[in-house]
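Here is the structure we will look at.
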Protein chains: 2
Amino acid sequence: MNYKIKSRIWIEEGDNVLLGEGRVRLLKAIDKTGSLSKAAKSLQISYKKAWTLIDAVNKSSRQPVTVTSIGGKGGGGAVLTEYGKKLIIAFDEINKNCWNYLEAQIEKINNL
Amino acid sequence: MNYKIKSRIWIEEGDNVLLGEGRVRLLKAIDKTGSLSKAAKSLQISYKKAWTLIDAVNKSSRQPVTVTSIGGKGGGGAVLTEYGKKLIIAFDEINKNCWNYLEAQIEKINNL
DNA sequence: TTTCGTTATATTTGTAAATACATAACGATT
DNA sequence: AATCGTTATGTATTTACAAATATAACGAAA
């Protein structure tokens, strides 16, 4: 059995976290469902947790990442901004490249 | 103000963690002090926490990472095995290269 | 055989984080 | 103005984790 290497990356603005894997997952779910409550349900987390996460994302971001509306047809909803979409694409790419690098490097340790 | 990117890497054997940044820090302190209790003190963690960490390291490692002795002159002590020394060197190198890569990549996000 | 500083381990206590629950506010549609 | 599915927020409870405390075991050396 060989060792495996794992990693987590995240982006900070000052002392606050902007993005991590969980937040990216949530943003993708919002993009797919058009709603924060549906996104939360699909990820099996509470609405409150999802809301707190998105609130933190928007507070630490330079530009809005989501736009929400309350009331009206369907009760409201949430969508990603263009900036938000670009963010998750860039994050995923960096993360994937990081994994690829690490997966190659673990051989150094398996061969010790 | 620009965003910063951070990361954590760790090595797993099956479901158990072998090495992470904290464990590597502890192993280095053991190497420097020759004792688990002194290493714990130098890192401002409890002896118990240090012992639990080292126990987990040795249980998930293919080969012993530390060798401890109880009683006798000086009460006993702990030293790293050659395998343990090689492990922390390899871990540090991989980790450092990972940081360098990420630091270059964060520009993609700062330029969005 | 007593001392000493260490390793080894169990048990309790305290604290922070996650979770659950509850409710207000909103606004287009009917 | 009543309804509906959302967003938005406060509060309480539970859980998980960290920290503190206590104590046994060890063996060389004096």
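So that the names make sense, note that chain A is the first sequence line, chain B the second, and so on, each numbered from 1. Computed from a prediction, not measured in an experiment: that's the story for all the values here.
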Let's see if you can work this out: which of [options] has an atom nearest to the side-chain heavy atoms of [X]?
X: A:Lys38; options: C:dT6, C:dT7, D:dT6; answer: D:dT6
X: A:Thr68; options: D:dT7, D:dT6, C:dT6; answer: D:dT7
X: B:Tyr47; options: C:dT7, C:dT19, D:dT6; answer: C:dT7
X: A:Lys73; options: D:dA29, D:dT7, C:dT29; answer: C:dT29

From [atom1] of [X] over to [atom2] of [N], roughly how many Å is that when rounded to an integer?
X: B:Leu53; N: C:dT7; atom1: CG; atom2: C1'; value: 15 Å
X: B:Lys59; N: C:dA8; atom1: NZ; atom2: P; value: 11 Å
X: B:Leu26; N: C:dT7; atom1: CG; atom2: P; value: 11 Å
X: B:Ile70; N: C:dC4; atom1: CD1; atom2: P; value: 20 Å
X: B:Lys49; N: C:dA8; atom1: NZ; atom2: P; value: 19 Å
X: B:Ile54; N: C:dT6; atom1: CD1; atom2: C1'; value: 15 Å
X: A:Gln44; N: C:dA20; atom1: CD; atom2: P; value: 11 Å

Legend entry - Distance-only polar pair, side chains of B:Ser35 and B:Thr33, donor-acceptor under 3.5 Å: no
Short side-chain N/O contact to [N] OP1/OP2 from [X], under 4.0 Å:
X: A:Ser69; N: C:dG27; result: no
X: B:Ser37; N: C:dT7; result: yes
X: A:Trp51; N: D:dA8; result: yes

5'-most contact on DNA chain D (nearest-nucleotide basis), A:Thr52 vs A:Gly75, goes to A:Gly75
By nearest-nucleotide position on DNA chain C, the 5'-leaning member of A:Gly71 and A:Ser46 is A:Ser46
Hey, are the side chains of A:Leu112 and B:Arg62 touching, using non-hydrogen atoms and a 4.5 Å cut-off?
-> no
Please work out if B:Lys48 contacts a base, only the sugar-phosphate, or nothing of the nucleic acid, heavy-atom cut-off 4.0 Å.
-> base
Heavy-atom count around A:Glu103 CD within 6.0 Å, excluding the residue itself: above 12? no
* With no hydrogens and no angle check, is any side-chain donor or acceptor of B:Ser60 less than 3.5 Å from a backbone partner on B:Ala56? -> yes
Taken in chain and number order and not counting sequence neighbours, the residues that satisfy salt bridge (Lys or Arg N to Asp or Glu O under 4.0 Å) with B:Glu107 are none
